[in-house]
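Below: one structure, written as structure tokens.
Worth knowing before you read on, the calculation uses all heavy atoms, side chains too, and leaves out hydrogens, waters and symmetry mates. The structure displayed is predicted, hence computed values, not measured ones.
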Amino acid sequence: MANTEKDRITQERLVSIAADWYGQMADGRVPTITLPTRTKANIEYDPKTEVWKYGSKGTTRTANSAKSAQHILKMAYVVGFLKQQLIESRSSTLREMYYISEGWKRAKFAAQDESNMLVEDLEIVTSLSREAFHLRPEEDGASIYGPLRLREQTKRGNRDIHCQEDVGEAGYPIPSNVENIKFLDHDASFVIAMETGGMYARLMENGFDEKHNAILLHLKGQPARSTRRMLKRMNNELGIPVVIFTDGDPWSYRIFASIAYGSIKAAHMSDLLATPGARFVGVQPSDISDYNLPSDHLTEGDTAALKAILTDPRFDTEYWRTQIQLQLEIGLKSEQQAFASRGLDFVTKEYLPTRLSEMGIL
């Protein structure tokens with residue numbers, strides 16, 4: 001779908017919100033809007049799709065109270081701002097929109113968290129992402145390096161890029177709006193997404209991408225939405241398996257879960273962002289003892305987080321129960337780069353080929 005057509009649909013959905021309010025007032029009713037209740041109690045894990053989604057509970061905001069009337073006023077201003085942005089083919093960051101609201105008098109936001117939440121409300125109502133509104137996040141996307149050729153639509157026209165031959169050592173930087181990318185062709189057998197830049201550089205330097213026809217992706221810690229969307233699209237559209245390689249601690253396991261099953265905060269975007277087929281390749285708790293990896297003792301916070309994971313439906317499998325129980329027993333955690341204690345080539349020549357073969361990826 002061309003960008004102009006996408007922008008037209010986005011405008012229509014945004015304007016329809018205001019049109020509903022006008023219709024309500026024309027009928028002599030007070031303007032209202034109903035949204036899913038944004039609480040943990042209203043977020044459900046859907047075992048069929050294996051992602052987090054909002055439940056059926058809703059909250060109706062009506063302009064018959066000062067607080068709700070002000071919320072609707074702010075939403076109207078944001079709809080107007082986004083409509084104009086689409087007409088002019090401009091874009092802005094979430095932070096810029098927050099500062100622009102300073103000129104909206106009573107509709108200005110008290111804090112950026114408030115404006116971010118309102119944008120999420122609009123995503124829910126329109127079933128569109130903020131990228132469709134031409135809103136860019138502050139955080140950078142990830143980088144990828146591997147046998148993938150794509151076409152990126154930019155302000156200066158289309159660019160065809162091969163993510164090995166046409167990029168430097170940093171790789172191809174994923175743009176904030178992944179919908180502007182068209183996949184042309186690839187020779188990839190799988191995508192390996194890594195938490196740390198050190199491991200990304202290690203696999204690149206060791207030629208892991210060439211030897212195994214792998215697309216390397218640097219998650220940069222907790223992945224940005226554009227990163228998760230890119231992984232989803234490569235998996236869905238190209239049929240490429242995705243494996244996640246993180247540190248061996250509870251916070252890193254949650255990075256995996258946010259990619260594979262979606263996050264609670266972005267439950268309304270799970271169908272676009274989550275990749276249920278993604279699989280965890282390591283660092284496993286069993287690796288810490290099997291390979292005698294350098295490690296640190298679990299903190300009280302780590303232990304509490306691991307116990308919470310045992311009650312998380314995203315981890316309700318025999319594999320994860322066994323691994324988490326083992327980690328609680330040994331009381332240790334370890335990082336990806338701890339494999340370097342066995343030599344700089346160990347992770348690419350021994351560990352990953354063995355694990356990926358066991359998983360049926362290689």
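- Side chain of Asn235 to backbone of Ile240: a donor-acceptor contact under 3.5 angstrom is found.
- Taking the six-membered ring for Trp, Tyr291 and Tyr351 have ring centres closer than 6.0 Å.
- Separating the CD1 atom in Ile100 from the OG1 atom in Thr93 is a distance of 8.0 Å, to the nearest 0.5 Å.
- Listed for the Thr348 side chain is no donor-acceptor partner under 3.5 Å among the backbone atoms of Phe208.
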Going by atom type alone, with no hydrogens or angles, which donor-acceptor pairs under 3.5 Å involve a side-chain atom of residues 24-33 and a protein atom two or more places apart or on another chain?
from  : atom 1 : to    : atom 2 : distance (Å)
Gln24 : OE1    : Thr32 : N      : 2.7
Gln24 : NE2    : Thr32 : O      : 3.4
Asp27 : OD2    : Arg29 : NH2    : 3.3

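- Side-chain atoms of Glu195 come within 3.5 Å of backbone N or O of Asp247 as a donor-acceptor pair.
- Hydrophobic clustering, with ILVMFWY side chains joined whenever heavy atoms are under 4.5 angstrom apart, keeps Trp251 apart from Ile259.
- Ion pair Arg342/Glu350 not flagged as a salt bridge, since none of the NZ, NE, NH1 or NH2 atoms sits closer than 4.0 Å to an Asp/Glu carboxylate oxygen.
- Listed for the Arg228 side chain is no donor-acceptor partner under 3.5 Å among the backbone atoms of Leu273.
- Side-chain contact, Glu152 with Tyr172: a donor N or O sits under 3.5 Å from an acceptor N or O.
- No option in Thr317, Asp312, Asp316 other than Asp312 meets the side-chain hydrogen bond (donor to acceptor under 3.5 Å, both in side chains) test with Arg314.
- Between Arg225 and Glu123 there is a salt bridge, with a side-chain nitrogen of the basic residue lying less than 4.0 Å from a carboxylate oxygen of the acidic one.
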Candidate pair Met75 and Ile72, rule side-chain contact (heavy atoms from CB on, under 4.5 Å), full reasoning: CA-CA 5 Å; Met75 185 174 283; Ile72 290 175; 5.5 Å; no
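- Judged by distance alone, with hydrogens and angles left aside, the side-chain atoms of His212 form no donor-acceptor pair with the main-chain N or O of Ala214 at under 3.5 Å.
- Criterion: ILVMFWY side-chain heavy atoms under 4.5 Å apart, direct or through other members. Under it, Tyr200 and Phe346 are part of a common hydrophobic cluster.
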Residues His186, Cys163; criterion side-chain contact (heavy atoms from CB on, under 4.5 Å); working and verdict: CA-CA 10 Å; His186 73 92; Cys163 297; over 6 Å; no
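- Side-chain heavy atoms closer than 4.5 Å link hydrophobic residues (I, L, V, M, F, W, Y) into clusters, and following such links, even through other members, never connects Leu344 to Met199.
- Counting heavy-atom neighbours within 6.0 Å of Glu300 CD, excluding the residue itself, gives a total of 12 or less.
- Around the CD atom of Glu131, the shell of radius 6.0 Å holds more than 12 heavy atoms that belong to other residues, nucleotides or ligands.
- Within the model, atoms CD of Glu12 and CG of Leu86 stand 11.5 Å from one another, a figure rounded to the nearest 0.5 Å.
- Taking Ile, Leu, Val, Met, Phe, Trp and Tyr as hydrophobic and joining them when side-chain heavy atoms fall under 4.5 Å apart, one finds Leu184 isolated, its cluster having no other members.
- Judged purely by distance below 3.5 Å, without hydrogens or angles, the side chains of Asp302 and Thr299 pair a donor atom with an acceptor atom.
- Checked for salt-bridge contact, Glu114 and Lys74 meet the test: a charged N lies under 4.0 Å from a carboxylate O.
- Salt bridge annotation for Asp160-Arg151: present, with a cationic side-chain nitrogen under 4.0 angstrom from a carboxylate oxygen.
- Cluster annotation: Val15 and Phe133 are assigned to distinct hydrophobic clusters (Ile/Leu/Val/Met/Phe/Trp/Tyr, side-chain heavy-atom contacts under 4.5 Å, transitive).
- Using a distance-only test at 3.5 Å, with no hydrogens or angles considered, no donor-acceptor pair links the side chain of Arg61 to the main chain of His71.
- Side-chain atoms of Ser68 do not come within 3.5 Å of backbone N or O of Ser65 as any donor-acceptor pair.
- A side-chain donor-acceptor contact under 3.5 Å links Gln112 and Arg95.
- Each of Met117 and Val78 belongs to its own hydrophobic cluster when Ile, Leu, Val, Met, Phe, Trp and Tyr are linked at side-chain heavy-atom distances under 4.5 angstrom.
- Judged by distance alone, the side chain of Gln327 and the main-chain N or O of Leu332 form a donor-acceptor pair under 3.5 Å.
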